[in-house]
Amino acid sequence: MKYYILTLLTFCSLSLFAQNGPAIINDSDGFTNVRLGPGTDFEVIDTLFNEDFFYFKTDGNSDWAKVTAWKGRQIEGFIHKSRIQEVKKLDSKSRKEIIIKVLDRQRTLADNFRAAWKAKDSLAYRTTVKELESYNDTKYDPILQVIPEYFCSTSDIEIIDKFFATMWADKGSANEMPSFSIGDCFICNPDLVLERLNKIIDKEQKELILDHIEWGLMNHFEVDEDGNSDSKEYNELIERIKKERKKASP
């Protein structure tokens with residue numbers, strides 16, 4: 001399949017990794033104003049709604065936090081600290097609901113893209129690519145940062161199964177974030193990840209996920225250009241991947 005390339009500035013890239021988040025707003029009104037400066041006297045420059053992800057930096061001497069969000073363009077401004085709810089600090093049920101919602105939507109958009117490509121419908125192709133790129137930037141990439149922490153603390157097989165299905169549906173993507181996320185899941189619980197992987201019958205799908213895991217491991221550990229590392233943990237994990245590849249080979 002032809003790859004689609006993310007052309008927008010990836011929401012969770014660059015300096016955003018140095019910030020806290022992803023977060024959602026904590027406001028009974030369902031939205032909060034983003035202001036030009038740290039105070040109500042400053043101009044409102046944009047609005048964050050219930051399901052918008054954003055990143056933030058706090059200053060201990062201020063009740064306001066600087067936020068960064070991607071809504072078709074990068075937004076930078078200030079909101080009151082009381083309006084911030086970091087996703088990783090939600091209870092397990094709430095985190096799971098958010099993760100499932102994003103994975104399901106990403107999978108649907110990826111299926112739409114693939115259907116348009118197969119139908120050689122140029123208009124639908126352009127539309128679905130744009131939708132998929134936008135959702136990657138604003139929803140999928142941010143939640144990929146939440147999945148490892150959630151999985152490693154809960155061992156929730158439903159999330160891993162949905163993640164595998166989403167990676168398979170989204171196999172036309174050049175996005176590396178899913179590899180980093182599943183790699184971290186594998187590091188904390190390789191037995192369970194492999195157990196769920198072995199439930200997959202399709203050999204191509206299994207190979208694709210093994211590729212994601214291996215790339216995630218290589219980026220997590222210090223690995224040279226020849227794929228070698230002095231890390232005992234890395235070598236043990238990569239050996240398990242090699243064994244799975246042999247099992248999956250005809």
Side-chain angles (χ1 to χ4, degrees), residues 3 6 10 12-14 16-18 20-22 86-90 92 95-96 98-100 102-103 106-107 110 136 140-250:
Y3 285 89
L6 301 183
T10 301
C12 57
S13 64
L14 306 176
L16 295 185
F17 280 118
N20 299 308
E86 200 163 4
V87 175
K88 70 179 182 181
K89 294 182 179 179
L90 288 166
S92 295
R95 278 180 291 158
K96 180 173 182 175
I98 292 173
I99 292 169
I100 287 178
V102 172
L103 290 179
Q106 177 74 12
R107 193 163 58 255
N136 266 278
Y140 188 44
D141 281 359
I143 213 63
L144 287 172
Q145 297 173 65
V146 177
I147 288 175
E149 184 277 332
Y150 172 81
F151 172 72
C152 293
S153 64
T154 65
S155 299
D156 191 330
I157 62 174
E158 183 182 2
I159 290 299
I160 284 296
D161 290 346
K162 281 186 174 289
F163 194 10
F164 285 167
T166 303
M167 284 190 284
W168 178 242
D170 201 33
K171 58 182 176 289
S173 173
N175 186 4
E176 295 180 341
M177 286 293 295
S179 300
F180 304 157
S181 185
I182 194 60
D184 286 343
C185 292
F186 187 71
I187 289 167
C188 77
N189 199 336
D191 292 336
L192 186 54
V193 172
L194 290 178
E195 176 190 314
R196 303 315 300 174
L197 184 63
N198 284 320
K199 299 291 183 181
I200 297 173
I201 298 174
D202 188 286
K203 292 180 180 179
E204 186 181 353
Q205 182 179 359
K206 191 172 181 179
E207 278 292 335
L208 178 128
I209 294 168
L210 287 170
D211 286 343
H212 274 291
I213 295 173
E214 185 170 353
W215 184 242
L217 293 177
M218 291 177 67
N219 279 273
H220 182 93
F221 295 94
E222 292 185 2
V223 180
D224 63 27
E225 60 183 11
D226 295 320
N228 300 315
S229 173
D230 293 329
S231 168
K232 181 180 178 182
E233 183 180 12
Y234 169 78
N235 289 319
E236 289 175 350
L237 292 171
I238 209 69
E239 188 62 31
R240 297 192 69 173
I241 295 297
K242 290 179 180 178
K243 288 181 179 178
E244 287 301 316
R245 289 192 187 280
K246 288 181 180 179
K247 285 166 56 178
S249 299

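For the single chain, residues carry numbers from 1 onward in sequence order.
- When all heavy atoms of D156 and F151 are compared, the closest pair comes out as O-CD1, 3.7 Å.
- Using a 4.5 Å cut-off on side-chain heavy atoms (C-beta onward), I160 and I182 make contact.
- For the atom pair I213 CD1 and I238 CD1, the distance stands at 9.5 Å (nearest 0.5 Å).
- E149 has its side chain out of reach of D184: every pair of non-hydrogen atoms, C-beta onward, lies at least 4.5 Å apart.
- D226 places no side-chain N or O within donor-acceptor distance of the main-chain N or O of N228, the cut-off being under 3.5 Å.
- Contact check for F221 versus I187: side-chain heavy atoms found under the 4.5 Å cut-off.
- The shortest distance between side-chain heavy atoms of S155 and N189 falls below 4.5 Å.
- Shown are L144, V193, I99; of these, the side chain to side chain contact (heavy atoms under 4.5 Å, CB included) with F163 is made only by L144.
- With respect to E158 and K96, a salt bridge is recorded, a charged nitrogen being found less than 4.0 Å from a carboxylate O.
- Annotation: the span from I143 atom CD1 to R95 atom CZ amounts to 10.0 Å, rounded to 0.5 Å.
- In summary, of the residues considered (K247, R245, K171), a salt bridge (Lys or Arg N to Asp or Glu O under 4.0 Å) with E207 occurs for R245 alone.
- One finds the OG atom of S229 at 9.5 Å from the CE atom of M218 (value rounded to the nearest 0.5 Å).
- In this structure, the separation between CD1 on I209 and CE on M167 is 5.0 Å, given to the nearest 0.5 Å.
- Nearest heavy-atom pair across N175 and S173 is N-OG, 2.9 Å.
- For D224, the CG atom counts as densely surrounded, since its 6.0 Å shell holds more than 12 non-hydrogen atoms of other residues, nucleotides or ligands.
- Nearest heavy-atom pair, A169 versus A110, reported as atom, atom and distance to 0.1 Å: O-CB, 3.4 Å.
- Separation of atoms CZ (F180) and CG (D141) is listed at 10.0 Å; rounding is to 0.5 Å.
- In this structure, cysteines C152 and C185 have SG atoms that are not closer than 2.5 angstrom.
- Within the 4.5 Å cutoff, the side chain of R240 has heavy atoms near those of the D191 side chain.
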side-chain hydrogen bond (donor to acceptor under 3.5 Å, both in side chains) evaluation trace for N20 with E86: CA-CA 8 Å; N20 299 308; E86 200 163 4; 5.9 Å; no

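- Paired with W168 under the rule side chain to side chain contact (heavy atoms under 4.5 Å, CB included), one option of E204, K206, R107 passes, and it is E204.
- To the nearest 0.5 Å, the span separating CG on D161 from CG on L103 amounts to 11.0 Å.
- Side-chain atoms of K88 and Y150, non-hydrogen and from C-beta on, never get closer than 4.5 Å to each other.
- Residues F164 and L197 have side chains in contact (heavy-atom distance under 4.5 Å, counting atoms from C-beta outward).
- Between Q145 and M177 the shortest side-chain heavy-atom distance falls below 4.5 Å.
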